[in-house]
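Protein chains get the first letters and strands the later ones, always in sequence-line order, with residue 1 at the start of each. Nothing here was measured: the structure is a model prediction, and the numbers come from that model.
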Protein chains: 2
Amino acid sequence: MTSTGRRGRPGAGRTLSEDEILDATLSLLDEGGVTAASVRGIAGRVGVAPNAVYTYFPDKTAVLSALVERLLGEVDQEALADRSTPWRERVEFVALELRSRLMAHPGAVTLMIGGPMEGPNALGIGERLLELLADAGLDPTAAARASYLLITYVFGSLALEVAELAEPGPPPPEPERVAARLIGYSAVPAEAFPRTAAAADTLARYISTEQYLWGLRRVLDGIDRAAAPVSR
Amino acid sequence: MTSTGRRGRPGAGRTLSEDEILDATLSLLDEGGVTAASVRGIAGRVGVAPNAVYTYFPDKTAVLSALVERLLGEVDQEALADRSTPWRERVEFVALELRSRLMAHPGAVTLMIGGPMEGPNALGIGERLLELLADAGLDPTAAARASYLLITYVFGSLALEVAELAEPGPPPPEPERVAARLIGYSAVPAEAFPRTAAAADTLARYISTEQYLWGLRRVLDGIDRAAAPVSR
DNA sequence: ACCTGAACACCGTTCAAGT
DNA sequence: ACCTGAACACCGTTCAAGT
């Protein structure tokens, strides 16, 4: 086949692309977690010497930041900006979308909270959020604070949810139980921590999508109350 | 001086203690960030061969987990359990305490969210939180969810706050500006993201302790509303 | 311009050997 | 029981050399 074969390199011109490197990085991340996404591993997967990666990216963190930006590009910013639906619904929709897209790549969540998100996609989402909160009646100061609160909640939730799977090899197939295990699902001594044991049981029964939405709605309630301090 | 000198080892018996290893780990974490807290670095600091660490801990993650547990032990659980003060004030007090104690060791925050917190101190704090939420009138299911929400908020906030400093060498001395920088303080193109640029300005002006408390109070408002769905 | 081989300064962990 | 030296299988990154 006349595909872009790695063999028989034509003496000049690039045999790779930034996107191919990001593809390889993401697949390694999914298969083996954060530790598997090494420069040497990436190079090996695309069939190139380790240092060839540095032709495309200045260093490893640049590769990972670019990957984060690409994943954030999948978020539907128009849904966030659509004034025909109530602002709370828009937040809930995008929060759920962000969760499902990112939990498909648990290793990437660790990367997101590990560094600042300052690419155009990250800034775009933040900007839409601020517009939306203005729609909700918040003054600019409250909107700034509320947007930061929402970002904190969403990424904090995902970080805690992912923490349990972060450790060995490929991620286990039951992300729903994570929230429960985080507060000690497996082996909580019920004598010493009776309420914790019962709570772990509760959170194990309710799937974590429900928990995620419940928390988000409490946050939105709090923002709502701040938005209308007089009219009620 | 007849201090516990590392030289002239007495042929038998331990020259170290778990606590000495944790002290060394914490100081390395504070001085050089997460990457500086290596097994070889720890061993070097306590004056021992790298593999001697494995006499005291099974592996590196065990060292880090023990350190996390020790830091959580500094939290005043009695303040959380003290029924003579209103439940919201108790949460705010401990949330502020947790923030000041952990932001003194930014590298440790990364460790906390990186893995499950399941030591006795972590479980103890969770248990006190559940008791407190029962005091607030929440049924066990709502209390389980609210406690998870509060944990998410506190550690999510700290994780985002610390993300900016995580990168090189010793942490910069201005943790107050971090929140602002996180959403692009440094170089937000105001033409493309006008609200973000203005919000960054807002968050830069208000110190992040205020932002932290503002968010916490929105969360508490939301929980409060869930606690009393009928009586108002 | 892009890729390679070789090297540098690191990792965490294991193992056989010494006391 | 505790520590050491040496080794193994890795890292990210740099540099001189080749096309």
I want to verify a distance call: between C:dG12, C:dT4, D:dC3, whose nearest atom is closest to the B:K60 side chain?
C:dG12
Of the nucleotides C:dG12, C:dC3, D:dT4, which one has an atom closest to the side chain of A:Y56?
C:dC3
Among D:dC11, C:dC2, C:dG12, find the nucleotide with the atom closest to the side chain of B:V39.
C:dG12
Short N-O contact, B:D23 and B:R45, less than 4.0 angstrom:
no
Give the nucleotide from the list D:dC3, D:dC11, C:dT4 with an atom nearest to the side chain of B:A52.
D:dC3
Scanning both residues in full, the closest heavy-atom pair of B:E97 with B:D76 reads OE1-N, 3.1 Å
Look at the side chain of B:R40 and decide which nucleotide, out of C:dC11, D:dC11, D:dC3, has an atom nearest to it.
C:dC11
The single option from B:V219, B:L133, B:L216, B:V154 passing side chain to side chain contact (heavy atoms under 4.5 Å, CB included) against B:V91
B:L216
N or O in side chain of A:T15 less than 4.0 angstrom from C:dC3 OP1/OP2
yes
B:T55 has a side chain; which of C:dT13, C:dC3, D:dC3 sits nearest to it?
D:dC3
Mate of D:dA1 across any strand shown (Watson-Crick or G-U wobble, both atom pairs under 3.5 Å) is C:dT19
Counter-base of C:dA7, judged by Watson-Crick or G-U geometry with both distances under 3.5 Å
D:dT13
Between C:dT13, C:dC2, C:dT4, spot the one nearest the side chain of A:A49, thanks.
C:dT4
Judged by nearest nucleotide, the residue sitting upstream toward the 5' end of DNA chain D, A:A36 or A:P58, is A:A36
Please examine the side chains of B:I42 and B:K60, heavy atoms only from C-beta on, and report whether any two atoms are closer than 4.5 Å.
no
